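Here the structure comes first, spelled out in structure tokens, and everything after it is commentary.
The shown structure was predicted, so the numbers you read here are calculated from the model rather than taken from an experiment.
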Amino acid sequence: MTIDGPVTQSRILLGHIAGAHGIKGEVLVKSYTGDPLAIADYGPLTDERGRTFEIASVRASNKGVIARLKGVADRNASEALKGVALYVDRAAMPDPDEGDYYHTDLIGLAAVDAQGNRIGKVVAVQNFGAGDLLELRLDGAKLTEFVPFTDACVPVVDIKGGRVTIVLPETAGSQDEESSQGNGDDGEE
């Protein structure tokens with residue numbers, strides 16, 4: 001896959017507050033960073049409403065990351081934060097390696113076919129356990145479609161150009177139809 005130019009998205013999701021931990025205001029955090037404790041390395045984090053959270057300290061536990069947030073001093077305050085998503089400004093993140101992408105960089109890109117014709121747009125990146133999938137809303141369609149995020153199905157990612165090239169995989173049903181139509185046997189004797 002290829003990548004061109006800088007990205008323009010503003011925030012990246014680093015984790016969620018899963019609940020309170022103990023009685024002194026610590027929170028349990030589900031971290032999405034490669035090293036779970038690295039969630040504290042990006043400076044102040046914000047939520048969907050723009051509130052700022054500074055992580056004063058972190059430690060690992062078998063349940064996830066235990067964090068102390070500045071200004072959160074008791075269990076009631078930490079319980080009130082359950083479910084809060086924690087974001088960092090995109091500018092604070094390093095540029096990804098060649099062939100790697102932040103989900104936020106892909107969401108909103110136009111989806112084009114091999115000839116450059118628009119076929120839809122990327123609305124999400126999902127992973128149900130077997131690898132990343134681009135979720136596309138095809139032009140004129142109400143439902144979304146999933147495309148494996150592989151070199152075969154997504155040969156070009158052009159962040160600067162605002163698009164991804166999509167080669168839609170053939171479905172088993174269309175292959176069966178082609179093979180039954182192309183075998184020369186029309187069923188008549």
- Task: Mind telling me whether Tyr101 and Phe149 have parallel, tilted or perpendicular rings, with 30° and 60° as the class edges?
- Result: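 Judged by the thresholds at 30° and 60°, the geometry between Phe149 and Tyr101 is tilted.
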Of all heavy-atom pairs between [X] and [Y], which one has the smallest distance, and what is that distance?
{"X": "Leu28", "Y": "Ser61", "result": "CD1-OG, 4.4 Å"}
{"X": "Gly25", "Y": "Val72", "result": "O-CG1, 3.3 Å"}
{"X": "Val167", "Y": "Ala152", "result": "CB-O, 3.6 Å"}
{"X": "Lys70", "Y": "Ala56", "result": "CG-CB, 4.0 Å"}
{"X": "Pro148", "Y": "Val154", "result": "O-CG2, 3.7 Å"}
{"X": "Ala20", "Y": "Ser78", "result": "CB-OG, 3.2 Å"}

Close side-chain approach of [X] to [Y], heavy-atom, < 4.5 Å:
{"X": "Leu86", "Y": "Leu13", "result": "no"}
{"X": "Arg163", "Y": "Leu109", "result": "no"}
{"X": "Ile12", "Y": "Tyr87", "result": "no"}
{"X": "Val147", "Y": "Leu168", "result": "yes"}
{"X": "Leu37", "Y": "Val65", "result": "yes"}
{"X": "Val164", "Y": "Val122", "result": "yes"}
{"X": "Glu26", "Y": "Arg59", "result": "yes"}

Let me check something: any side-chain donor-acceptor pairs from residues 39-47 under 3.5 Å, sequence neighbours excluded? List them with distances.
residue, atom, partner, partner atom, Å
Thr46, OG1, Arg11, NH1, 3.4
Asp47, OD1, Arg49, N, 3.0
Asp47, OD1, Gly50, N, 2.9
Asp47, OD1, Arg51, N, 2.8
Asp47, OD2, Arg51, NE, 2.6
Asp47, OD2, Arg51, NH2, 2.8

- Query: Salt-bridged, Asp105 to Arg90, with N to O below 4.0 Å?
  - Reply: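 Yes, Asp105 and Arg90 are salt-bridged.
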- Pair Asp74 + Lys24: basic N to acidic O under 4.0 Å: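 Lys24 and Asp74: not salt-bridged.
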Separation between [atom1] of [X] and [atom2] of [Y], rounded to the nearest 0.5 Å:
{"X": "Lys121", "Y": "Arg137", "atom1": "NZ", "atom2": "CZ", "result": "8.5 Å"}
{"X": "Thr150", "Y": "Asp132", "atom1": "OG1", "atom2": "CG", "result": "11.0 Å"}
{"X": "Met93", "Y": "Thr104", "atom1": "CE", "atom2": "OG1", "result": "10.5 Å"}
{"X": "Ile107", "Y": "Leu134", "atom1": "CD1", "atom2": "CG", "result": "9.5 Å"}
{"X": "Asp95", "Y": "Tyr102", "atom1": "CG", "atom2": "OH", "result": "7.5 Å"}
{"X": "Ser31", "Y": "His16", "atom1": "OG", "atom2": "NE2", "result": "11.5 Å"}

- Task: Give the intermediate values and the outcome of side-chain contact (heavy atoms from CB on, under 4.5 Å) for residues Asp158 and Thr165.
- Result: CA-CA 8 Å; Asp158 181 359; Thr165 300; over 6 Å; no
- Test salt bridge (charged side-chain N to carboxylate O under 4.0 Å, His left out) on Glu54 and Arg68 and set out the steps. CA-CA 9 Å; Glu54 281 191 61; Arg68 177 167 302 285; over 6 Å; no
